[in-house]
**Q** 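Got a structure for you, questions after.
Bear in mind the structure is a predicted one, so any value in this text is a computation, not a measurement.
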Amino acid sequence: MAPARPLLVLVAIAVTVPLSAGAVAALVFPKEAVPTRSGYLPIPPANASLFFAFYEATHPLTPPASTPLLLWLQGGPGCSGLIGNFFELGPYFVNPDNVSLSRNPSAWNRRFGLLFIDSPLGTGFSAAPSPADIPTNQSVIAAHLLAALQSFFALDPAFRARPFFLAGESYAGKYVPAAGAHILDVNPTLPEALRVNLRGVAIGNGLTHPVAQVATHADSAYFTGLINARQKRELEALQAEAVSLTLAERWLEAAHARGRVLARLQNMTGLATLYDLAKQRPYQSEPVGAFLNRAEAKAALGARGDVKWEECSDAVGAAMDADVMKSVRPQVESLLRRTRVLLYQGIRDLRDGVVSTEAWLGEVDWAGLRAFLDAERVVWRTPGDGELAGYVQRSGALSHVVVYGAGHLVPADNGRAAQEMIEGWVMQAGLFGRRGGTGRGRRRAA
């Protein structure tokens, strides 16, 4: 998933007076768009490091010492967090010209600090020392993320005490629960000064419990009107094969069987992308790659100049192939017993959308599940104009949000609603707060 590449043209510059490196960098990467901190976070277990970019809150509602921090993880497996940064929810977006940036009015670093990490090793600017160093399972990825977080907190002692949240989308539907549960498991074994103040996790359009999710594609497409009854039966047979192989723990074969389900669905529907049934062409993220591979952009971010940035790494995808159909539902269950969990999906996603989430959610082993399933599903409208933003269902530690006008990449499709959702959930305010609301939403301060 990626967009198209215009080119930076520096005109009206006398060739006899070349620009300094600093001047060129300023043209491409204005000072106000440079991260608060960025570079590499050592992960000692792997004798390597993960690339990060951090943006401090621009308009926090709380004192610095209590302003939340949120880590965003991209999916894939092997897709760079800088797609989230420069295409979805960071403070600046790459323009279609491939060389300039524009401010994102719905950035997620308005109320809290926002951290992006290229994970797992081998993703984005996080070059792996060798192909053998690329993780192949969630346990290693979680350990690497905790090590990277410890390195991040060491940059500023004040970071560690701030409320910390984990968030991500798509394949991060595995990374987030695995890392969150690992953090809470390890915390009691650490000195108090090294514990992570994890307060909640958020998963957007996540692949989390694949064996349940793969069985929903035929129903989703059929009841949306995209396929007929004969095609539905054909997809159901392919889905049954993927389920059977998963239950037999034939992981590589199961992953390939799921791939056949999605490929057949794509062929049947003729959609530009299963990630958003309303789009006439796939997400246009290619300018991000053209921009990030410019030497001046790498210098501004503190990234290694010798690393070619890729939106999604084929090497990481191949290394994680046997992980695709493995479940992290137990980790979600563990988190629900110890912290807050937000699940959200764009309503137009045919891959990891609402129906697939409802399917695995109904299987969760958690004492609060019955109360959650019986909870009211409230209509959510944006403040001011009262436009439909989606639907919110909450009970106890669990919140489930369906976002209207969005597909797989919710912040890219409906940034205003995504910003209101994440701010409300993190701060426990408005419709997403402890007592809920009327469904009309609240007026937001600038």
Side-chain angles (χ1 to χ4, degrees), residues 3 8 25-39 41 51-62 64 67-74 79-119 124-125 152 155-156 159 162-169 172 202 204 283-285 287-292 294 296-303 309 311 406 409-427 444-446:
L8 175 62
L27 282 170
V28 175
F29 217 116
K31 183 178 179 181
E32 61 270 19
V34 174
T36 308
R37 296 175 184 262
S38 61
L41 300 169
F51 177 82
F52 82 102
F54 171 69
Y55 301 84
E56 190 52 274
T58 57
H59 298 83
L61 297 176
T62 48
T67 296
L69 299 172
L70 185 143
L71 166 61
W72 177 263
L73 299 172
Q74 209 69 27
C79 295
S80 168
L82 295 184
I83 282 293
N85 188 351
F86 291 106
F87 188 73
E88 296 188 68
L89 55 108
Y92 282 82
F93 287 158
V94 177
N95 292 322
D97 64 6
N98 298 348
V99 295
S100 62
L101 299 173
S102 59
R103 191 182 297 273
N104 174 15
S106 301
W108 284 22
N109 71 315
R110 184 170 71 148
R111 302 303 191 211
F112 34 81
L114 182 59
L115 173 64
F116 297 93
I117 293 181
D118 273 349
S119 173
F125 284 129
F152 175 74
L155 297 175
D156 184 343
F159 284 159
R162 293 166 63 172
F164 179 73
F165 295 83
L166 269 170
E169 71 189 4
Y283 287 98
Q284 301 296 295
S285 57
V288 177
F291 179 84
L292 290 177
R294 298 185 60 83
E296 52 268 39
K298 292 180 182 180
L301 290 168
W309 185 89
E311 181 172 332
L409 308 187
V410 171
D413 293 326
N414 193 341
R416 183 182 178 192
Q419 184 190 59
E420 182 182 344
M421 173 194 69
I422 198 66
E423 289 179 357
W425 178 75
V426 166
M427 309 301 289
R444 295 177 294 170

**Q** Is there a side-chain contact between Tyr283 and Phe87, using heavy atoms and a 4.5 Å cut-off?
**A**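 Counting from C-beta outward, Tyr283 and Phe87 do come under 4.5 Å.
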**Q** Checking the side chain of Asn104 only, and the main-chain atoms of Phe93 only, is there a donor and an acceptor separated by less than 3.5 Å?
**A**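 A pair under 3.5 Å: no.
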**Q** Do Phe51 and Trp309 have side chains that approach each other closer than 4.5 Å (heavy atoms only, starting at C-beta)?
**A**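 No, every pair of side-chain atoms sits at 4.5 Å or beyond.
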**Q** At their closest point, which heavy atom of Gly113 faces which heavy atom of Glu56, and how far apart are they?
**A**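 Looking at all heavy atoms of both residues, the closest pair is CA-OE1, 3.8 Å.
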**Q** Phe52 vs Leu155, test: side-chain contact (heavy atoms from CB on, under 4.5 Å). Steps then yes/no.
**A** CA-CA 12 Å; Phe52 82 102; Leu155 297 175; 3.8 Å; yes
**Q** Has the side chain of Ser38 got a donor or acceptor atom that lies under 3.5 Å from a matching backbone atom of Leu301?
**A**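 Checking the backbone N and O of Leu301 against the side chain of Ser38, a donor-acceptor pair under 3.5 Å is found.
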**Q** Please give me the minimum heavy-atom distance between Gly124 and Asp118, naming the atom from each residue.
**A**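 Minimum heavy-atom contact is CA-OD2, 3.4 Å.
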**Q** Look at the side chain of Arg37 and the backbone N and O of Ala53, then say whether any donor-acceptor pair between them is shorter than 3.5 Å.
**A**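 No, the answer is negative, given that no donor and acceptor are paired below the 3.5 Å cut-off.
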**Q** Can you see which heavy atom on Leu61 is nearest to which on Met427, and at what distance?
**A**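 The pair with the smallest heavy-atom distance is CB-CE, 4.4 Å.
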**Q** Can you give me the closest heavy-atom contact between Ala202 and Ile422, atom names plus distance?
**A**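 Shortest heavy-atom separation between Ala202 and Ile422 comes out as CB-CD1, 4.3 Å.
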**Q** Should Val426 and Pro163 count as side-chain neighbours, where that means a heavy-atom distance under 4.5 Å?
**A**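 No. Closest side-chain heavy atoms not under 4.5 Å.
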**Q** To check you understand the geometry: which heavy-atom pair defines the closest contact between Gly90 and Leu114, and what is its length?
**A**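 So the two residues come closest at CA-CD2, 4.3 Å.
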**Q** Looking at side-chain heavy atoms only, is the closest gap between Thr36 and Asn109 below 4.5 Å?
**A**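 No, too far: nothing below the 4.5 Å cut-off.
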**Q** Please give me the minimum heavy-atom distance between Pro91 and Ala107, naming the atom from each residue.
**A**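 It is CA-CB, 3.6 Å.
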**Q** Quick one: pull up CZ in Phe112 and OG1 in Thr58 and give me the separation to the nearest 0.5 Å.
**A**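 One gets 10.5 Å once the value is rounded to the nearest 0.5 Å.
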**Q** Quick check on the 6.0 Å ring-centre criterion: do Tyr92 and Phe291 meet it?
**A**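 Ring centres of Phe291 and Tyr92 not closer than 6.0 Å.
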**Q** When you measure from the side chain of Arg162 to the backbone N and O of Thr67, does any donor-acceptor pair fall under 3.5 Å?
**A**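 Here the side-chain-to-backbone pair exists.
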**Q** Do Leu71 and Phe152 come within less than 4.5 Å of each other through their side chains, counting heavy atoms only?
**A**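 SC-SC contact between Leu71 and Phe152 ruled out.
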**Q** For the residue pair Arg294 and Val99, establish whether any side-chain heavy-atom pair is separated by less than 4.5 Å.
**A**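 Yes, at least one pair of side-chain atoms sits under 4.5 Å.
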**Q** Can you measure from CD (Gln419) to CG (Asn414) and round to the nearest 0.5 angstrom?
**A**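 So the gap between those two atoms works out to 11.0 Å.
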**Q** Side chains of Gln74 and Phe116: does their closest heavy-atom pair fall under 4.5 Å?
**A**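 With C-beta onward as the side chain, the pair stays apart.
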**Q** Hey, could you give me the CZ/CG distance between Phe54 and Leu70, rounded to the nearest 0.5 Å?
**A**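 It comes to 10.5 Å.
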**Q** Could you tell me the separation between the CG atom of Leu115 and the OH atom of Tyr55, rounded to the nearest 0.5 Å?
**A**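 Separation between the atoms: 10.5 Å.
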**Q** Can you tell if the side chain of Asn85 reaches within under 4.5 Å of the side chain of Val288, non-hydrogen atoms only?
**A**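 They are not in side-chain contact.
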